[in-house]
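Below is one structure, written out as structure tokens; comments come after it.
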Amino acid sequence: MPTINALSLYVPDLAAAVKFYRDALGFAVEADYGPELTKLAHDGVALMLCQCASATRPAYPTAAQTVIGIGIENAASELARLRKLGVELVFDAPQPFPVGVFIAVRDPGGNVIELLQFQG
């Protein structure tokens, strides 16, 4: 069976992306490989930030794309915290999904990240 070893997020401003993933989402930098590649500390699959030439804004959630889901304890409080930080929110309130609620945000490059609160 194939094994996923890394998930790469392409961002046009690596410094802004590192700041977002560190300060807004709580990841630490595990390794900095120069001006084009940073590895975030994460148990399991490596999470890589890769420098690219331009931002993207896929039509979330209607267009095909890859979205990272990160588990959280309380969607309402996380939404309020991220709003205070000035993070770009996709929705103004937590959204239902079959096993809980989620919020969606965009990183500085336009990538969508879902923060998932599982219930039960």
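Residue numbers start at 1 and run along the sequence shown.
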Is there a chain of hydrophobic side chains (I, L, V, M, F, W, Y, each step under 4.5 Å between heavy atoms) that links [X] to [Y]?
{"X": "V87", "Y": "F91", "answer": "no"}
{"X": "I68", "Y": "I4", "answer": "yes"}
{"X": "L49", "Y": "V112", "answer": "no"}
{"X": "Y10", "Y": "L14", "answer": "no"}
{"X": "V45", "Y": "L9", "answer": "yes"}

| Test ring pair (Phe, Tyr, Trp, His ring centres under 6.0 Å) applied to F118 and F97, step by step | CA-CA 9 Å; F118 292 93; F97 75 107; 5.6 Å; yes
| field | Candidate pair V67 and I113, rule side chain to side chain contact (heavy atoms under 4.5 Å, CB included), full reasoning | value | CA-CA 6 Å; V67 176; I113 308 297; 6.0 Å; no
Looking at every non-hydrogen atom in both residues, tell me the closest pair between [X] and [Y] and how far apart they are.
{"X": "C50", "Y": "S8", "value": "SG-CB, 3.8 Å"}
{"X": "L79", "Y": "P94", "value": "CD2-CD, 3.8 Å"}
{"X": "L85", "Y": "A24", "value": "CD1-CA, 3.9 Å"}
{"X": "L37", "Y": "D32", "value": "O-OD1, 3.6 Å"}
{"X": "G69", "Y": "L116", "value": "CA-CD1, 3.9 Å"}

So, taking the atom named [atom1] in [X] and the one named [atom2] in [Y], what distance separates them when rounded to the nearest 0.5 Å?
{"X": "Y21", "Y": "L47", "atom1": "OH", "atom2": "CG", "result": "7.0 Å"}
{"X": "S54", "Y": "D13", "atom1": "OG", "atom2": "CG", "result": "13.0 Å"}
{"X": "I72", "Y": "S77", "atom1": "CD1", "atom2": "OG", "result": "7.0 Å"}
{"X": "T66", "Y": "N111", "atom1": "OG1", "atom2": "CG", "result": "9.5 Å"}
{"X": "M1", "Y": "T3", "atom1": "CE", "atom2": "OG1", "result": "7.5 Å"}
{"X": "I103", "Y": "L82", "atom1": "CD1", "atom2": "CG", "result": "5.0 Å"}

For [X], enumerate each residue passing the salt bridge (Lys or Arg N to Asp or Glu O under 4.0 Å) test, keeping only those at least two apart in sequence or located in another chain.
{"X": "E114", "result": "none"}
{"X": "D23", "result": "K19"}
{"X": "R22", "result": "none"}

| request: Test Q95 against V101 for side chain to side chain contact (heavy atoms under 4.5 Å, CB included), laying out the working first. | output: CA-CA 5 Å; Q95 303 295 301; V101 296; over 6 Å; no
| request: Mark yes when over 12 heavy atoms from residues, nucleotides or ligands other than Q119 sit less than 6.0 Å from its CD; otherwise mark no. | output: yes
| Neighbour count above 12 (heavy atom, 6.0 Å) for Y60 OH | yes
| Is a donor on one side and an acceptor on the other found under 3.5 Å between the side chain of Q65 and the backbone of A63? | yes
| side-chain hydrogen bond (donor to acceptor under 3.5 Å, both in side chains) partners of Q117, counting only residues at least two apart | none
| Pairs meeting criterion side chain to side chain donor-acceptor pair (under 3.5 Å) with involvement of residues 34-52, two or more places apart | E30-K39
| note | In short, side chain to side chain donor-acceptor pair (under 3.5 Å) pairs touching residues 84-93 with sequence neighbours left out are R57-E88
| Where do L25 and I70 land on the side chain to side chain contact (heavy atoms under 4.5 Å, CB included) test, with the steps shown first? | CA-CA 9 Å; L25 298 185; I70 299 171; 4.1 Å; yes
| query | Can you list the steps and then say if V90 with R106 is a side chain to side chain contact (heavy atoms under 4.5 Å, CB included)? | reply | CA-CA 7 Å; V90 176; R106 287 191 189 273; 4.1 Å; yes
